[in-house]
Amino acid sequence: MLVSSALVVGLVVPAAAAAVSAAAASAPLSAAVAAAPTTLLDYQSGNFSQWSEQQFARPAQQAIVTTPAHAGYPRTARFTVAPGNYTNGGTSAERSEVMASVAKTGNPTEGQTQWFSWSSFFPTGSHVSTGGWLIFTQWHQSGSSGMPNIALGLSKTTPVQVLAGVRGQNPNSPWSTEKMLGALPTNSWVDFTVGIKWSSNPGVGHFTVKMNGVQVMDVPAATLYTGMSAYLKQGIYRMSSPETQTIYDTATRIGATEASVHL
């Protein structure tokens with residue numbers, strides 16, 4: 001299961017100085033819409049300034065590098081987690097993430113549709129330690145703690161697969177689903193495109209994922225916690241492990257249509 005908490009007691013660094021009817025149908029999100037302006041959380045400035053915060057136990061866990069580089073993005077963010085990189089005040093989870101505020105995420109709200117795209121590079125050896133979990137992208141509910149609304153992580157299976165988890169909350173009960181999205185490509189860039197219709201009602205919300213242009217998930221889903229918004233985080237968040245792991249990311253695009261976030 002993909003697990004997370006919003007509470008961060010380690011080093012946090014600023015990166016820059018209406019109810020919906022339960023009867024509403026959830027239709028697949030359409031890409032056939034004119035392009036719109038996007039938010040770009042980029043690394044081409046050579047730093048993390050377009051994000052709201054950096055979260056790590058030690059600064060060396062995050063860096064802007066030029067190798068590996070994705071076409072069109074000469075600079076890349078490197079996220080590393082080593083044993084003992086705790087940022088939650090305990091010894092259960094280790095972290096190296098960047099966070100976009102609710103505002104920079106686009107103020108997700110009931111009935112809103114958003115698209116996100118980015119590319120990740122997973123070196124050989126990317127996996128989940130026995131009994132553990134690892135998240136590399138999450139949309140976290142705006143409360144002070146608890147599980148993320150939506151998370152992409154790595155499975156415990158062999159071979160490793162990309163795992164998606166969606167969790168929302170309607171007024172009566174939690175609702176969640178998880179799905180294996182396919183084998184994890186290693187030592188190559190993986191392009192992710194995610195469409196989210198935000199709602200705490202699973203009959204209204206929707207979640208779509210494409211990997212390298214191929215649709216691998218497209219489901220009705222409760223994507224918001226009731227009365228809350230959400231914010232985006234990327235990097236590595238994992239159960240404590242004896243291993244050192246690294247993941248690389250390019251710029252993340254946020255827009256109202258799939259066309260607006262085309263990589």
Side-chain angles (χ1 to χ4, degrees), residues 1-5 28 61 68 70 77-86 88 91-97 116-141 146-168 174-196 202 205-223 232-250 252 263:
M1 174 172 290
L2 299 175
V3 182
S4 181
S5 171
Q61 289 180 254
H70 191 291
R78 184 189 70 207
F79 300 95
T80 298
V81 173
N85 289 158
Y86 305 119
N88 65 340
T91 58
S92 61
E94 298 157 333
R95 181 195 316 262
S96 176
E97 289 184 300
F116 301 79
S117 68
W118 73 95
S119 301
S120 296
F121 185 101
F122 303 89
T124 298
S126 299
H127 64 280
V128 175
S129 295
T130 302
W133 46 266
L134 186 154
I135 293 172
F136 61 86
T137 296
Q138 59 173 306
W139 291 262
H140 199 288
Q141 46 87 5
M147 297 180 70
N149 305 36
I150 300 167
L152 298 180
L154 304 184
S155 73
K156 301 176 186 178
T157 60
T158 302
V160 179
Q161 297 191 59
V162 176
L163 174 65
V166 188
R167 173 182 294 269
W175 186 92
S176 64
T177 187
E178 287 190 340
K179 183 181 178 182
M180 302 287 190
L181 303 186
L184 176 72
T186 56
N187 291 324
S188 63
W189 286 102
V190 184
D191 295 337
F192 290 94
T193 303
V194 172
I196 305 171
H206 206 94
F207 181 59
T208 300
V209 183
K210 293 183 179 181
M211 290 174 56
N212 291 330
V214 178
Q215 184 170 287
V216 290
M217 190 169 185
D218 188 53
V219 295
T223 53
L232 173 67
K233 302 184 76 176
Q234 288 188 321
I236 301 175
Y237 183 53
R238 71 178 191 183
M239 180 175 283
S240 57
S241 167
E243 301 171 80
T244 296
Q245 293 173 307
T246 298
I247 292 175
Y248 302 86
D249 285 332
T250 64
T252 297
L263 289 167

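Note that the structure is predicted; figures quoted are calculated from it, not measured. Just so you know, these numbers use all the heavy atoms, side chains as well, and skip hydrogens, waters and symmetry mates.
The shortest side-chain heavy-atom distance between Val190 and Ser119 does not fall under the 4.5 Å cut-off. A 4.5 Å side-chain heavy-atom check between Thr186 and Val160 finds every atom pair outside the cut-off. Proximity of Leu184 to Ser126: side-chain heavy atoms (C-beta onward) are separated by under 4.5 Å at one or more points. The shortest distance between side-chain heavy atoms of Ile247 and Leu134 falls below 4.5 Å. Side-chain atoms of Ser129 and Met239, non-hydrogen and from C-beta on, never get closer than 4.5 Å to each other. Within the 4.5 Å cutoff, no side-chain heavy atoms of Ile236 are placed close to those of Thr80. Within the 4.5 Å cutoff, no side-chain heavy atoms of Gln245 are placed close to those of Leu154. With contacts defined as side-chain heavy-atom distances shorter than 4.5 Å, the pair Thr223/Trp139 does not qualify.
Minimum interatomic distance between Asp249 and Gly235 (heavy atoms only, all atoms of both residues): OD2-N, 4.0 Å. Minimum interatomic distance between Leu163 and Ser155 (heavy atoms only, all atoms of both residues): CB-N, 4.2 Å. Among all heavy-atom pairs drawn from Ala82 and Arg238, the shortest one is C-NH2, 3.5 Å. Of all heavy-atom pairs between Glu94 and Ser241, the closest is OE1-N, 3.1 Å. Across every non-hydrogen atom of Leu181 and Gln161, the tightest pair is N-OE1, 4.5 Å. Heavy atoms only, all atoms of each residue included: Tyr86 and Ser240 are closest at CE2-CB, 3.8 Å.
Ring pair Phe192/Trp118 is parallel by interplanar angle, where below 30° counts as parallel and above 60° as perpendicular.
With sequence neighbours left out, Phe121 forms a ring-ring contact (aromatic ring centres under 6.0 Å, His included) with Trp189, Tyr248.
With Glu97 as reference, Lys233 is the one residue of Lys233, Gln61, Gln234 to meet the side-chain hydrogen bond (donor to acceptor under 3.5 Å, both in side chains) rule.
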*Begin with the C-alpha distance, continue with both residues' side-chain angles, and end with the deciding distance and a verdict on side chain to side chain contact (heavy atoms under 4.5 Å, CB included) for Val162 and Met217.*
CA-CA 11 Å; Val162 176; Met217 190 169 185; over 6 Å; no

*Determine, stepwise, if the pair Asp218 / His206 fulfils side chain to side chain contact (heavy atoms under 4.5 Å, CB included).*
CA-CA 7 Å; Asp218 188 53; His206 206 94; 3.1 Å; yes

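Note: Tyr237 OH to His140 NE2 = 7.5 Å, rounded to the nearest 0.5 Å.
Listed for the Asn212 side chain is a donor-acceptor partner under 3.5 Å among the backbone atoms of Asp191.
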